[in-house]
Every structure is written in C-alpha cells, then in structure tokens.
There are 2 protein chains.
Amino acid sequence: MEYEAANIHDLTRGAQRILEVASKLFYEYGIHAVGVDTIAAESGVTKRTLYNNFGSKDALITRYLKNRHLVWWQNLEERLDIAEPPRALAFFDIYAEDARTITRGCAFHNAAAELPTDHPAYAVIRYHKRAVEERFVELIAEEQPATKDPKRLGRHLFLLLEGAFTHHGIHDRGLLAEAREIARELLI
Amino acid sequence: MEYEAANIHDLTRGAQRILEVASKLFYEYGIHAVGVDTIAAESGVTKRTLYNNFGSKDALITRYLKNRHLVWWQNLEERLDIAEPPRALAFFDIYAEDARTITRGCAFHNAAAELPTDHPAYAVIRYHKRAVEERFVELIAEEQPATKDPKRLGRHLFLLLEGAFTHHGIHDRGLLAEAREIARELLI
DNA sequence: GGATATTTACACAGGTCTGTGAAAGTCAAG
DNA sequence: CTTGACTTTCACAGACCTGTGTAAATATCC
C-alpha cells in the first residue's frame, strides 16, 4: 500500500463508534459541513476522546477513507469469489447494491472534491481508484483472454462504471442498470 | 430552463469580477472552503458590495453554477457548429481542452458533493447533466441513424466521458484520451 | 450639473470552527 | 487492591464564518 494500513480493531469501542458516525456524516453531508462537535455528540463521546484517539480532524478524515477502502475491497473480493463468469459484471452488481442504501455517489470522488490535493487523505483516494481500475483490468485479462486488448476493455468498463456511479449522486436515471447492460453486451 | 436564467450583463463590473473570482476559487478549493471575505478581497471590492449584488453566499453559489453552465454550453454549440462528423467526438475534445487548464474534474460533480440536495444550486447541477446527456443522445441520433439503439449509444458515450473527466480531478492516467479512442471505435 | 444608483468604510453581531489544558472519574487486569 | 489505560468534565483560546447597519464617497446617466 502507498499508505499505512489501518485496522479497525486497533481502536477502542468509543473510537470505533466515532469512525462509524464520522463516516456516515462525512458521506451524507460532506466533510467540511460536519464539525467535530457534531461527530463527538452523535457518537456519545466527548470531543476530547475524539482528539485523544485520532489527533486531528484531518487524521479522522484520512482514517475514514482508509477504512472505507478496506471494507469495500473486502466485500469486493468476497463477491468475486462466489460470482459466476463474467465476473466483471459482479462489479456492476456491487455498485448497484451500494446504490440502494447510499445516495450520494462515490465517497472518494466526493472527498476529492473537497480536499486539497496535498491532503494526506488524497493519497488514499488515488490509491483506491487506481486499485479498482487495475483489478478490473486484471479480471478482464483473466476471463476474456480472447479479447485483443484486455487493458482497453477493462478501462472501458471501468469508465462506464465510474460514470454511472458518480451520476447516481446527482440524478438516478437508471444509468447503473444501463451501464451493466452495455457491459454485458461488450463481454459477449 | 428549470431555473431562472442569469445573464452576466445584468451585473455591474464589480459584480462580474466577484463572479469570476468566486468561480475560480469555488472550483479550485471547494465551496465550503472559500469564505465571502476572501472572495470580496480578491475581487477588490468590499464584502458589502458582494451582498448588495448577490444577497447571500448561497445565491452566489447558484449564480456560479448557472453561469458555468451557460458559458460551457455556448462554447459547446460553437464547437459543434464547426466540428466534422462524427461530431460526438467534439465532446471529448472539449473536455480534453478544458482539462488542460483546469485540474479538478467536473465543477458540477464537485459542487454536488458539497451541497445538500435541496440547495437551489442543486437544481442547476441536475439540469446541466441532463442537458449534456440529452444533447449527446440527440447528436448520435442525428449522425448515426444506422445505429440500432441511438439512445443507448449516446448514453454509452456519455458515461465514458463522465467517467474519464471526473477522474481527471483525481489522477490523470490518460483516461480522457483513451475514452476518446474507445468512442471513435464505437462510432465506426 | 444634478438626480440616481452604486460602492466604500468600518464597526459589529452572533455563530461555528478546530484544538487544548488540567483535574477528576471509570474500569479492567494483574 | 493497585496500577495503568481510557474517558469525562468543562472552561477556554483564537480564528473564521455569514450577514447587517449606516453614513459618506463616488460613479453613472439624463
């Protein structure tokens, strides 16, 4: 990893609740819009505890995105393990499933919109997106060996997915389902 | 339009400068990260003038996105007028050109990440994205009448473009150029 | 040049923001 | 029962935030 890994289990119970609450609020309302007082209050701890555990808001933001990546990635691999070929479509299914419970598009893109590019969390964003893209390309290369340019097809599908999921935050016009359908045709 | 149109020429010279400066700063650093004091100071006017002209920060934000849409759309139509078929590729060229001078992806997506969905500016964001998508589909329907499903192809290209441009803010890995290349192949 | 519109200057209100200090309280494990 | 890790309490600092009131100064237009 380009950044220090961060396991939830290193955290005390209170700290875990802080991270949960912060994740929900940061995603729902945006990072700048949510203050540490709010996060502490919603977590049922004092602001002092928040600072004792995370050090600063910026560090909490970074932890939020690291954790989001880890959880999401684990879910991805589990789903891929049980998916039937073409497994690239499982990617679309995961996003579609996410979209049923969360409604503001991609947490990483949203964070990128708010943070300065030299923020510690920005490295996590870059890492995550790159990892997803590469996993996609890898998958295509494995399962569609007959494709003349697996890398291009992988990126092609990746872009479809990114476009559709990002849009989900703005206006759902069935783009995720349509992207999946387009992908399905491309994989035949 | 779903929202009241807003012409720059209604504004005094000072107000135009405010809008210019606000546009630059909102895009570059994010909306919440930029205060009205900063905007006024950079514009060389007093904060009072800003409030006399725009009423509130929220109204200024809304005006920023309305104006961004109008300017961008005008540029789009001008470019389409002189473009050679397939003109859908001109879309990619416009985004690629934008990407040379601005480096934080799509202003509308970024704003959407920060604003509550009931913010007046959010309607502008929805309108803009929908308009772009529809213009794309329209263009395909005109120029690729042989396509069996012009709407799907239009959305397909739209998603490629959105995915690539959004990514440009995070990490430029030549995705815009690759998206154009993929689009070119799809249009043959 | 005189009426009208606009901008300045500047103080101020009332919040909210991140972050800290220091002492007292709580709880679990040895 | 004691040690040590964690959390609470609560006051406070200092900065930044949006937005306003008012009177004087300056443009702009007929």
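Every chain is numbered from 1, with letters handed out A, B, ... down the list of sequences. These values consider heavy atoms only, across backbone and side chains, with no hydrogens, waters or symmetry-generated copies.
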Is any side-chain N of the basic residue among A:E134 and A:K151 closer than 4.0 Å to the acidic one's carboxylate O? no
Give every donor-acceptor pair under 3.5 Å between a side-chain atom in residues 71-79 of chain A and any protein atom, sequence neighbours left out.
residue, atom, partner, partner atom, Å
A:W72, NE1, A:D98, OD2, 3.3
A:E77, OE1, A:R135, NH2, 3.4
A:E77, OE2, A:R135, NE, 2.8
A:R79, NH1, A:E97, OE1, 3.0

Just wondering, do A:Q144 and A:P150 contact through their side chains at under 4.5 Å, heavy atoms? no
Report the residue from B:F158, B:F91, B:Y95 that forms a ring pair (Phe, Tyr, Trp, His ring centres under 6.0 Å) with B:F165. B:Y95
Quick one: how far along DNA chain D does chain A reach, first to last nucleotide 5' to 3', anything under 4.0 Å to a heavy atom? D:dC6 to D:dT9
Of all residues at least two apart in sequence or in a different chain, which pass the ring pair (Phe, Tyr, Trp, His ring centres under 6.0 Å) check with [X]?
{"X": "B:F54", "result": "none"}
{"X": "A:Y122", "result": "none"}
{"X": "B:H109", "result": "A:H167"}

Taking the six-membered ring for Trp, are A:H128 and B:H171 closer than 6.0 Å centroid to centroid? no
Check salt bridge (charged side-chain N to carboxylate O under 4.0 Å, His left out) between B:E20 and all other residues, then give those that pass, not counting sequence neighbours. none
Just jot down the salt bridge (charged side-chain N to carboxylate O under 4.0 Å, His left out) partners of B:D149, sequence neighbours excluded, or say none. none
Can you list every salt bridge (charged side-chain N to carboxylate O under 4.0 Å, His left out) pair that touches residues 154-169 of chain B, not counting sequence neighbours? A:E178-B:R155, B:K129-B:E162, B:E133-B:R155
Classify every nucleotide of nucleotides 4-26 of chain C by which part a protein heavy atom approaches to under 4.0 Å, writing B for the base, S for the sugar-phosphate alone and - for neither, in 5'-to-3' order. --SBBB--------BB-BB----
Where do N or O atoms of nucleotides 28-30 of chain C meet protein N or O atoms at under 3.5 Å, pair by pair?
none

With sequence neighbours left out, which residue pairs that include part of residues 17-41 of chain B fulfil the ring-ring contact (aromatic ring centres under 6.0 Å, His included) condition? B:F26-B:Y64
Double-helix bend of the helix from C:dG1-D:dC30 to C:dG30-D:dC1, axes at both ends from 5 pairs, round to 10°, gives 30°
